[in-house]
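Down below is the structure, laid out as structure tokens.
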Amino acid sequence: MNYENTLAFAQAQDAADPLKQWRNEFHIPKINGKAAYYFTGNSLGLQPKRTRELVEEEMQKWQDYGVEGHFVPKERPWVSYHETVKHSLARLVGAKPIEVVSMNNLTVNLHLLMVSFYRPTKQRYKIICEAGAFPSDQYMFESQLKHHGLAPEEALIELSPRAGENTLRTNDIIAAIQEHANELALVLFGGVQYYTGQIFDMQAITTAGHQAGAYVGFDLAHGIGNVPLHLHNWDVDFATWCSYKYLNSGPGNVSGIFVHERHAHNFDIPRFAGWWGHDEGERFQMKKGFKPMPGADGWQLSNVNVLATAAHLASLQIFDQVGMEALRLKSEKLTGYMEFIVNELSGDKGIFEIITPKESKDRGCQLSIFFHEKGKARFDYLVENGVIGDWREPNVIRVAPVPLYNSFEDVYHFGRLMKEALEKI
Ligand SMILES: *Cc1c(COP(=O)(O)O)cnc(C)c1O
């Protein structure tokens, strides 16, 4: 695509954008009375206007029915409220409905899935992950290993990019898996790396992990709603994600899990149990003896957080209406536009460099811009002028032009303000 760094070009792109009307479905935060240039959908997605209505529906049921809200309402009774989001989630991650359920929060789910899929033995106890994983994931690994009486320094293999490179090569990941094959219990990677925005080749990693005799899982916090996923066909064992980043379901909102169909009827897989994972038909008989539901449902512990799930549902309706294919198409163009502008500003002066992969197929919509100097002061200038972005020490700005609600014009103004920042600071 031939991009131009002009307002007229950006406006023409917006006018021709088949998804342009979706921006109106969201509340765009204001700064000094003007719509902000919001590029932090990778941290907290914006609020869909319809969310309030769906949450209020449940407030009304609570008001009208009290506890009977679980069974009496014809529409979306609480007892099965989690099922209202099941099919949409399955579509987003490329799964069968039996393979997914929404529940808990992301780090909690990582721990629960580790209980089932990390079963270290004397021979097989190693875990391969990416170096510099999101801190919560690092703490999860460390505490799980200690829980099993293992030393993280020995059991956790963290893969770093080659010297002078910013992102991991798939071949190097596969080579590491093969190298540790005899001791490997688990490969657990981010699907899209939170810091660099790199998409890992989930299919290749899964195949290599399985050939080595290990389970393979993914943390899709930055993947879901951002890039196309085919977890079932890729043969991934398990995955989990959050719903408040690209899924726009609200701060701290509910997570979800994927467990591959081939584990759906294996009730011998160890797991931590609660009443919501118990056979639905006899859940309310309150009997002794845990009988898990088949599939991902059998990993549930607690009854549904209905108010939160209502917000989740509102957002997923939008994804169903737009479809990931159309979103991805716009996402590649919009991110490409931002890349073009940033590269043009930096020119051969080497002011900053983008550490996110250059190929669209290797990245989602986030660009991580590494400043060689004066990064924080320039970032502060952007913030003072209406940009909401994300600063990561020591010198990286992460910006995510989100195809659902960001426009080409937003990206143009980002570039314009960045240019001013370079001139003034
Ligand atoms: C955002 C994010 C988290 C956050 O975990 P919560 O349990 O939802 O607070 C964890 N891991 C990754 C990779 C993330 O991007």
Side-chain angles (χ1 to χ4, degrees), residues 39-46 85 89 92-93 100-115 117-118 127-145 156 158-160 167-168 173 186-200 202 205 216-227 229 231 236 238-258 272 299-302 305 308-309 311-312 315 355-356 363-368 388-393 396-400 402:
F39 293 114
T40 36
N42 54 350
S43 246
L44 183 72
L46 291 180
V85 295
L89 287 173
L92 277 175
V93 299
V100 298
V101 68
S102 64
M103 61 180 205
N104 310 320
N105 277 59
L106 170 53
T107 309
V108 174
N109 286 339
L110 280 170
H111 278 292
L112 292 177
L113 290 164
M114 289 288 281
V115 165
F117 293 101
Y118 180 56
I127 302 173
I128 288 188
C129 66
E130 85 256 31
F134 192 88
S136 204
D137 302 48
Q138 295 186 32
Y139 308 148
M140 178 280 291
F141 283 128
E142 182 186 336
S143 60
Q144 282 279 339
L145 288 167
L156 191 63
E158 298 176 292
L159 306 184
S160 301
T167 51
L168 277 162
I173 298 173
L186 175 68
V187 180
L188 178 45
F189 257 72
V192 175
Q193 223 283 339
Y194 89 97
Y195 190 75
T196 64
Q198 176 183 19
I199 301 181
F200 292 117
M202 289 173 253
I205 292 172
V216 181
F218 290 96
D219 179 334
L220 298 174
H222 284 259
I224 193 165
N226 179 17
V227 299
L229 298 165
L231 299 183
V236 169
F238 67 93
T240 179
W241 52 83
C242 58
S243 66
Y244 49 84
K245 292 173 180 166
Y246 294 103
L247 288 192
N248 311 318
S249 298
N253 206 346
V254 65
S255 164
I257 65 163
F258 165 91
F272 287 169
W299 268 264
Q300 294 173 97
L301 299 185
S302 296
N305 185 333
T309 309
H312 195 27
S315 156
I355 61 173
T356 304
R363 68 185 184 203
C365 70
Q366 167 186 318
L367 292 181
S368 304
I388 302 183
D390 173 83
W391 174 256
R392 290 283 132 167
E393 294 294 343
V396 167
I397 296 184
R398 297 185 310 160
V399 275
V402 169

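Atoms considered below: every heavy atom in the structure, side chains included; atoms not considered: hydrogens, waters and symmetry mates. Remember, predicted model here, so these are calculated numbers, not experimental data. Every number for a ligand or one of its atoms is a count from 1 in the order of the listing.
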- Query: Which atoms of ligand 1 have any heavy atom of Y244 under 4.0 Å away?
  - Reply: 1 (C), 4 (C), 5 (O), 6 (P), 8 (O), 9 (O)

- Message: Could you identify the single nearest non-hydrogen protein atom to atom 3 (C) of ligand 1 and state the distance to 0.1 Å?
- Response: F134 CE2, 3.3 Å

- Message: Measuring from atom CG of L106 to atom NZ of K245, what distance do you get when rounded to the nearest 0.5 angstrom?
- Response: 6.5 Å

- Quick one: closest heavy-atom pair of R398 and Y195, and the distance? CD-O, 3.9 Å

- With heavy atoms of K245 as the reference, note each atom of ligand 1 found under 4.0 Å away. 1 (C), 2 (C), 3 (C), 14 (C), 15 (O)

- Distance-only donor-acceptor check, side chains T107 and S136, under 3.5 Å: yes

- Message: Heavy atoms only: which of L220, N253, D137 lies closest to atom 11 (N) of ligand 1?
- Response: D137

- Item | Single hit among V93, D219, L229, L92 for side chain to side chain contact (heavy atoms under 4.5 Å, CB included) with W241 | V93

- Message: Suppose I only count heavy atoms of D219 and a 4.0 Å limit; which atoms of ligand 1 are within that range?
- Response: 11 (N), 12 (C), 13 (C)

- Proximal atoms of ligand 1 relative to H222 (non-hydrogen, under 4.0 Å): 15 (O)

- Message: Which label fits F117 and F238: parallel for a plane angle under 30°, tilted from 30 to 60°, or perpendicular past 60°?
- Response: parallel

- Message: Can you confirm whether M140 sits close enough to L188 that some side-chain heavy atom of one is under 4.5 Å from a side-chain heavy atom of the other?
- Response: yes

- Query: Considering only heavy atoms of T107, which atoms of ligand 1 have at least one such atom less than 4.0 Å away?
  - Reply: 5 (O), 6 (P), 7 (O)

